[in-house]
Amino acid sequence: MSWSARRVSALVAAVVTLAASTTLANRVLPGWAYPVCGVVAALVLVALGRVAGCSWADLGLSSVRRPALVGLAGAALVAVVFGIALAVPGLRTVYQDGRVGDPDFAQLLWLTCGRILFGTVLVEEIAFRGVLPGLFGATDERWSWPPILWSAALFGLWHALPALAIGRNAAVHAVLGATPVVVLQVLAMAAAGVAGIFLHWWRHLGRGVLASVLVHFTTNAGGLTLAVAMR
């Protein structure tokens, strides 16, 4: 891959956009603006990718049918894993999370289809499974570790602020309750990086970001729904 000045500039601008977005979303803007911030950031990132010379296929946005089918298969697999975890009493503490509060149905709908879908999943998949891998030189023709690992590392860093609250999960607290917050934060960021590789595999298999969007949304929205149901 040729590292032109335009591509390098787009990469720097993308990282700055993501840093500004996560800071605004988690520390500055009111709750209702969280998904708006995500959508705006996603559009800016796509524009940067195109300006840098990435094709729609490079960004994982060139097709719908195959990514949708693969993504739905992944979502079904996630649902099976959730069902198994619910059926095993010892695993139910995974869903006991002090961060979820006690939302009613309307609030839960807003959290899943508003905040999670547009404020979290859309921007993260466009950024870390679409634009950044494309700028780093990843293609769907073959699996290439360097761009995927760089994107996954940035995905881990992206979770620096949300990871501060990871200790409020009952399962995490039970196992690592005495661990310093900073260490928990680093562990959570590392776990996010590994998850980023897993999600990119779905994007790669489906030849499009929609595949990883469906898997990511099912994981986050399903986990939140189960956490609320378990309260």
Side-chain angles (χ1 to χ4, degrees), residues 11 14-15 17-18 21-22 25 35 38-39 41-42 45-46 49 54 56-82 85 94 112-113 115-163 166 169 186-226:
L11 181 58
V15 172
T17 297
L18 287 166
S21 174
T22 190
V39 171
L45 290 168
V46 170
C54 294
W56 291 112
D58 294 334
L59 302 179
L61 300 171
S62 63
S63 60
V64 173
R65 187 173 183 273
R66 174 168 173 164
L69 292 175
V70 171
L72 289 173
L77 180 61
V78 171
V80 170
V81 172
F82 279 157
V94 174
T112 54
C113 297
R115 286 181 61 90
I116 288 178
L117 180 56
F118 293 102
T120 300
V121 173
L122 179 67
V123 64
E124 290 183 354
E125 294 310 309
I126 290 293
F128 300 102
R129 260 65 68 184
V131 175
L132 289 177
L135 291 174
F136 281 125
T139 66
D140 285 328
E141 282 68 39
R142 63 184 182 87
W143 183 272
S144 180
W145 277 109
I148 294 168
L149 289 176
W150 277 113
S151 300
L154 290 172
F155 187 55
L157 288 173
W158 164 267
H159 285 81
L161 293 178
I166 191 65
N169 177 277
V186 172
L187 290 174
M189 291 164 60
V194 173
I197 297 173
F198 172 78
L199 287 167
H200 192 96
W201 184 83
W202 285 104
R203 177 256 155 103
H204 182 76
L205 184 65
R207 299 296 190 269
V209 166
L210 181 57
S212 56
V213 164
L214 291 171
V215 174
H216 194 166
F217 175 72
T218 303
T219 302
N220 284 28
L224 174 61
T225 301
L226 288 174

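- Distance check: E125 CD to L61 CG gives 11.0 Å after rounding to the nearest 0.5 Å.
- The structure places OG1 of T112 at 5.5 Å from CZ of F217, a figure rounded to the nearest 0.5 Å.
- Minimum heavy-atom separation, G156 to A192: CA-CB, 4.1 Å.
- In this structure the side chain of L157 reaches within 4.5 angstrom of the side chain of M189, judged on heavy atoms.
- Between the side chain of R203 and the main chain of V213, no donor-acceptor pair closer than 3.5 Å is present.
- Rounding to the nearest 0.5 angstrom, the gap separating the CG atom in L117 from the CG atom in L122 is 7.0 Å.
- To the nearest 0.5 Å, the span separating CD on E124 from CG on N220 amounts to 7.0 Å.
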What verdict does the side-chain contact (heavy atoms from CB on, under 4.5 Å) test give for L18 and L132, after you've listed the backbone C-alpha separation in whole Å, the side-chain angles of each residue and the deciding distance to 0.1 Å? CA-CA 11 Å; L18 287 166; L132 289 177; 3.8 Å; yes
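- For the atom pair NE2 of H200 and CZ of F155, the computed distance is 12.5 Å after rounding to the nearest 0.5 Å.
- Within 6.0 Å of atom CZ in R66, more than 12 heavy atoms from other residues, nucleotides or ligands are found, so the atom counts as buried in its surroundings.
- Residues L214 and W202 have side chains not in contact (no heavy-atom distance under 4.5 Å, counting atoms from C-beta outward).
- The nearest pair of heavy atoms linking L210 to P67 is CB-CB, 3.7 Å.
- Put simply, the side chain of I197 reaches to within 4.5 Å of the side chain of L149, judged on heavy atoms.
- Side-chain contact between L45 and F128 is absent, with no heavy-atom pair separated by less than 4.5 Å.
- Residues A41 and S21 share a closest heavy-atom pair of CB-OG, 3.7 Å.
- Contact between T218 and A75 at its shortest, heavy atoms only, is OG1-CB, 3.1 Å.
- A donor-acceptor contact shorter than 3.5 Å is absent between the side chain of R129 and the backbone of I126.
- Between W150 and L11 there is no side-chain heavy-atom pair separated by less than 4.5 Å.
- Summarising the geometry of P133 relative to G130, their closest heavy-atom pair is CD-O, 3.5 Å, with the distance given to 0.1 Å.
- Rounded to the nearest 0.5 Å, atoms OG1 (T219) and CG (L77) are 9.0 Å apart.
- Using a 4.5 Å cut-off on side-chain heavy atoms (C-beta onward), C54 and L135 make contact.
- The backbone N or O of D140 sits less than 3.5 Å from a side-chain atom of R207, completing a donor-acceptor pair.
- A heavy-atom distance below 4.5 Å is found between the side chains of V215 and V78.
- Residues T225 and F82 fail the side-chain proximity criterion, which asks for heavy atoms closer than 4.5 Å.
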